[in-house]
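Quantities reported herein were computed from a predicted structural model and do not represent experimental measurements.
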Amino acid sequence: MRPAMSNLQISTDRSQLDVPMIYRFLSEQSTWAVGISRPVVERAIENSLCFGGYVDGRQVAFARVVTDFATFGNLVDVFVIPEYRGRGFSKEIMKAVLAHPSLKGLRRLTLATGDAHALYAQFGFTPPQRPESLMERYFPNIYVS
């Protein structure tokens with residue numbers, strides 16, 4: 001664990017993650033994964049580079065990167081729980097993600113956001129240079145029964 005400039009500590013140690021909290025946030029409070037099942041969250045965590053943000057040992061922030069660790073990464077599930085927002089923790093976790101040695105030198109790091117464009121723009125994210133080259137298969141209600 002490394003101390004951040006604030007009182008947020010950030011770790012990529014999966015054993016420290018508060019998986020029940022991550023699951024509750026994603027399945028109940030997020031705008032992108034409402035209804036996601038606990039097994040799907042656990043599998044996603046197991047197969048990603050995860051960043052937990054902690055204050056006094058309590059996890060208050062999360063981000064994960066799906067990556068091949070060589071050429072490509074996709075940043076997903078970035079959040080700070082509501083009672084800890086407004087303290088710069090989202091910026092701290094973004095700094096940690098971008099500074100991680102396993103993510104250095106990636107040709108492309110992508111993300112999708114509905115409302116945090118200003119945050120990510122501070123870290124060099126822009127709209128795709130060639131949006132006509134991007135395609136997706138997207139099932140927005142896959143977790144809702």
Side-chain angles (χ1 to χ4, degrees), residues 1-128 131 134 136-145:
M1 209 179 276
R2 73 166 184 79
M5 289 175 59
S6 64
N7 61 340
L8 186 72
Q9 293 188 319
I10 299 171
S11 174
T12 57
D13 182 350
R14 274 196 214 112
S15 70
Q16 294 181 355
L17 293 173
D18 183 347
V19 176
M21 181 279 292
I22 296 166
Y23 162 69
R24 277 191 312 276
F25 182 88
L26 292 174
S27 67
E28 298 171 9
Q29 297 179 35
S30 74
T31 58
W32 61 91
V34 169
I36 194 170
S37 71
R38 172 102 181 232
V40 169
V41 170
E42 291 172 353
R43 191 168 61 234
I45 288 170
E46 181 180 317
N47 291 293
S48 301
L49 175 59
C50 298
F51 296 78
Y54 306 87
V55 173
D56 298 326
R58 176 183 180 204
Q59 186 172 355
V60 301
F62 180 72
R64 69 184 181 90
V65 179
V66 182
T67 182
D68 62 8
F69 296 105
T71 64
F72 177 80
N74 187 35
L75 176 63
V76 294
D77 294 341
V78 180
F79 68 85
V80 175
I81 60 174
E83 59 267 35
Y84 284 85
R85 291 180 184 162
R87 301 180 191 189
F89 292 165
S90 60
K91 291 177 185 162
E92 292 297 326
I93 208 156
M94 284 302 302
K95 289 176 188 173
V97 167
L98 296 176
H100 195 280
S102 294
L103 302 176
K104 292 286 186 184
L106 295 182
R107 181 172 185 237
R108 178 171 286 147
L109 182 60
T110 62
L111 63 83
T113 184
D115 60 3
H117 296 81
L119 167 67
Y120 298 116
Q122 294 174 53
F123 296 95
F125 287 89
T126 63
L134 300 176
E136 69 179 353
R137 290 186 65 206
Y138 181 53
F139 306 96
N141 299 314
I142 197 166
Y143 306 127
V144 181
S145 38

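Atom CG of N47 has more than 12 neighbouring heavy atoms from other residues, nucleotides or ligands inside a 6.0 Å radius.
Scanning all heavy atoms of the two residues, the minimum distance from G73 to L106 falls at N-CD1, 3.9 Å. When every heavy atom of K95 is checked against every heavy atom of F123, the shortest pair comes out as CG-CE2, 3.7 Å. Scanning all heavy atoms of the two residues, the minimum distance from I93 to A63 falls at CD1-N, 4.0 Å. Between E92 and I10, the closest heavy-atom pair is O-CD1, 3.3 Å. For G52 against Q59, the heavy-atom pair with the smallest separation is CA-NE2, 3.9 Å. The two residues G53 and L8 come nearest to each other via the heavy atoms C-CD1, 3.5 Å.
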Verdict with reasoning, L98 to L109, per side chain to side chain contact (heavy atoms under 4.5 Å, CB included): CA-CA 10 Å; L98 296 176; L109 182 60; 3.6 Å; yes
Candidate pair F125 and H117, rule side chain to side chain contact (heavy atoms under 4.5 Å, CB included), full reasoning: CA-CA 8 Å; F125 287 89; H117 296 81; over 6 Å; no
Chi angles and distances behind the side chain to side chain contact (heavy atoms under 4.5 Å, CB included) call for R58, I81: CA-CA 11 Å; R58 176 183 180 204; I81 60 174; 3.4 Å; yes
Check against side chain to side chain contact (heavy atoms under 4.5 Å, CB included), D18 and F62: CA-CA 10 Å; D18 183 347; F62 180 72; over 6 Å; no
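Atoms CG and OG1, on L119 and T113 in that order, are 8.0 Å from each other to the nearest 0.5 Å. L17 contributes atom CG, which lies 11.5 Å from atom CZ of R64 (distance to the nearest 0.5 angstrom). Taking CG of D68 as the start and CG of N74 as the end, the distance is 11.5 Å to the nearest 0.5 Å.
Side-chain contact check for R38 versus E42: some heavy-atom pair is nearer than 4.5 Å. Looking at heavy atoms from C-beta onward, V65 lies in side-chain contact with V97 at the 4.5 angstrom threshold.
Remark: the backbone N or O of I45 is paired with a side-chain donor or acceptor of R14 at under 3.5 angstrom. Judged by distance alone, the side chain of N141 and the main-chain N or O of V144 form no donor-acceptor pair under 3.5 Å. Under the 3.5 Å distance criterion, the side-chain polar atoms of Y54 are matched with a main-chain donor or acceptor of Q16.
Applying the salt bridge (charged side-chain N to carboxylate O under 4.0 Å, His left out) definition to pairs two or more places apart or across chains, none involves residues 108-120.
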Only distances under 3.5 Å count here; give the side-chain donor-acceptor pairs of residues 24-37 to other protein atoms, sequence neighbours excluded, each with its distance to 0.1 Å.
| unit_1 | atom_1 | unit_2 | atom_2 | d |
| --- | --- | --- | --- | --- |
| R24 | NH1 | P20 | O | 3.4 |
| S27 | OG | Y23 | O | 2.8 |
| S30 | OG | L26 | O | 2.6 |
| S30 | OG | A33 | N | 3.0 |
| W32 | NE1 | D77 | OD1 | 2.7 |
| S37 | OG | V40 | N | 3.3 |

